[in-house]
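Below is one structure, written out as structure tokens, with a few remarks after it.
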Amino acid sequence: MSVVHQLSPGWLLDHLSFINNINYQLHQHHEPSLISFGTSDTFIAFDSTSRPDYDDRGDGEIFIQKYVFRSELFNVTKPYITTAVHKECQQRNEKENPVSGVKEENFNSITGKKRKRCVVFNQGELDAMEYHTKIRGLILDGSSELIQEGLKSGFLHPFSEKWNECSGSITLPLDTCNLSELCAMAKHLPSLNEMELQALQLMEEDMSVTEQDLFSRIVENNSSFTKIITLMGQKYLVPPKSSFLLSDISCMHPLLNCRKTYDVIVIDPPWQNKSVKRSNRYNYLSPLQIKQIPIPKLAAPDCLVITWVTNRQRHLRFVKEELYPSWSVEVVAEWHWVKITNSGEFVFPLDSPHKKPYEGLILGRVREKTAIPLRKEDVKMLPLPDHKLIVSVPCTLHSHKPPLAEVLKDYVKPDGKCLELFARNLQPGWTSWGNEVLKFQHMDYFVALESRS
């Protein structure tokens, strides 16, 4: 269970527990079942799952190898910017007047004399300040209630200096297999855009497929156990009952060719901003490109659409006023993900003018022009509440969002099909798409426990 506590303000989640409750178990023979033929243009997808009652080799012992996610990746023992540092930064005696849009700063010049400088807020800053003022009480009061419950139950712990001593630098795996670059190159594979292939099933028998197969079709693991695929010498864990498409946004047709529609679609777009432009850390999409995502073709009637949004107000307005209307999606709720440390502090000061400890989610329902009346046997779902909080300790990996499956279960029919767009990890029961969809499935993010026969 990822939900530790559920109260009226929202949910306190345990992201690490959710990952480790996934059945990351490999059932394998003593002889290694994962093989690489050494060719750079071929990856080998071998099923490491062999159930004893289906085994016809007659000899060899079955070993169960279990994997868990590296817990140190959730060791957020102290805020990224402490309140003390934040206050020190404010000791320049800043005076802000949001009404006039002018900020006065006292600072020391080279000659040592104090000078006063007026800085005019731009419209984006004014909008951000107004929005923060509006939701500040909701964030503070709701988070405090959930955090106090977490401290009482022992899920959260008061800060200890021992944590600070134990938390050293974390060595992350080298990006030796740049998935997004592979997807960009895959666009030039011959006849890729004209292909219409069935989903690639990771069967119990060993199998090898070419990279062209990988980029041109959905890959499914319909078994009850985890399987391993090797891509360009890198190993990735594929959880049970999951499926994915690794592709660029221009090659989404295999997802459409399946002719499936989904009851939940979660979208985490690579929003454009100045820091992304400067760092060149990942590719971003323009609003026009995001609007062209074929949600109307992927969404079932009454589909729940959820979009992660940064704290830039123009992105928030774009989703509400342009994006959702273009998809025939009606905005029904706005939630916030609040990021805290293991001791329950905000990861950034709540009133920091630069980085906030929260992000937004815009929830909407697909509304058909001609509404289809509910039949008697149709499952009635609870109406989506507004202004809910999802509070959790964030993963230290960039943009590893908390799971929404358990939070949404009361608002989606039990057998609902779920899709995540721009995903970086896989989940049982979900289809995931993106040009980095296997990123956080890399085996270096997991630890192998002692195997048993």
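Counted by atom type alone, T431 and S243 present one or more donor-acceptor pairs between their side chains at under 3.5 Å. Between the side chains of S153 and H5, at least one donor N or O lies within less than 3.5 Å of an accepting N or O. A side-chain N or O of Q441 and one of Y24 form a donor-acceptor pair less than 3.5 Å apart.
Separating the OG1 atom in T261 from the CG atom in L256 is a distance of 12.0 Å, to the nearest 0.5 Å. Separation of atoms CZ (F348) and CG (L350) is listed at 12.5 Å; rounding is to 0.5 Å. R424 CZ to S432 OG: the interatomic distance, rounded to the nearest 0.5 Å, is 12.0 Å. Atoms CZ and OH, on R136 and Y358 in that order, are 9.5 Å from each other to the nearest 0.5 Å. The structure places CG of L397 at 8.5 Å from CZ of R70, a figure rounded to the nearest 0.5 Å. Between the CG atom of N75 and the OG1 atom of T396 there is a distance of 8.5 Å, given to the nearest 0.5 Å.
The side-chain hydrogen bond (donor to acceptor under 3.5 Å, both in side chains) check on E330 picks up R367, with sequence neighbours excluded. Qualifying ring-ring contact (aromatic ring centres under 6.0 Å, His included) partners for W335, counting only residues two or more places apart in sequence or in other chains: W11.
The two residues L7 and E149 have their closest heavy-atom pair at CD1-CB, 4.0 Å. The minimum heavy-atom distance linking L421 with I293 is given by the pair CD1-CG2, 3.9 Å. The heavy-atom pair separating V309 from V319 by the smallest distance is CG2-CG2, 4.0 Å. Across every non-hydrogen atom of H336 and G360, the tightest pair is CD2-CA, 4.0 Å. The two residues V366 and A299 have their closest heavy-atom pair at CG2-CB, 3.7 Å.
Salt-bridge annotation for D444 and K235: absent, with no side-chain N of the basic residue lying under 4.0 Å from a carboxylate O of the acidic one. The existence of a salt bridge linking E359 and K339 is confirmed by a sub-4.0 Å separation between a basic side-chain nitrogen and an acidic carboxylate oxygen. Using a cut-off of 4.0 Å between Lys/Arg side-chain N and Asp/Glu carboxylate O, K241 and E220 are scored as not salt-bridged.
Around NZ of K417, the count of heavy atoms belonging to other residues, nucleotides or ligands within 6.0 Å does not exceed 12. Within a 6.0 Å sphere centred on NZ of K291, heavy atoms belonging to other residues, nucleotides or ligands number more than 12.
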task = Take Y131 and M129, measure what side-chain contact (heavy atoms from CB on, under 4.5 Å) needs, and give me the verdict at the end.
result = CA-CA 5 Å; Y131 178 78; M129 291 162 58; over 6 Å; no
message = Between N425 and K401, does the side-chain contact (heavy atoms from CB on, under 4.5 Å) criterion hold? Intermediate values first, please.
response = CA-CA 10 Å; N425 62 286; K401 297 295 196 298; over 6 Å; no
request  = Mind running side-chain contact (heavy atoms from CB on, under 4.5 Å) on L16 and L73 for me, showing each step along the way?
outcome  = CA-CA 9 Å; L16 178 62; L73 294 174; over 6 Å; no
request  = Evaluate the criterion side-chain contact (heavy atoms from CB on, under 4.5 Å) for residue pair V238 and L426; output intermediate values, then yes/no.
outcome  = CA-CA 7 Å; V238 181; L426 308 180; 4.1 Å; yes
request  = Determine, stepwise, if the pair H315 / T310 fulfils side chain to side chain donor-acceptor pair (under 3.5 Å).
outcome  = CA-CA 7 Å; H315 294 158; T310 69; 2.8 Å; yes
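Annotation: W308 is in aromatic contact with W337 [ring centroid separation under 6.0 Å]. Here W433 and F422 bring their ring centres to under 6.0 angstrom of each other.
In this structure, the side chains of H157 and N342 stay at 4.5 Å or more apart for every pair of heavy atoms. Within the 4.5 Å cutoff, the side chain of S286 has no heavy atoms near those of the I290 side chain. Annotation: side chain of H15 is in contact with side chain of P403 (closest heavy-atom distance under 4.5 Å). Between I295 and I265 there is a side-chain heavy-atom pair separated by less than 4.5 Å.
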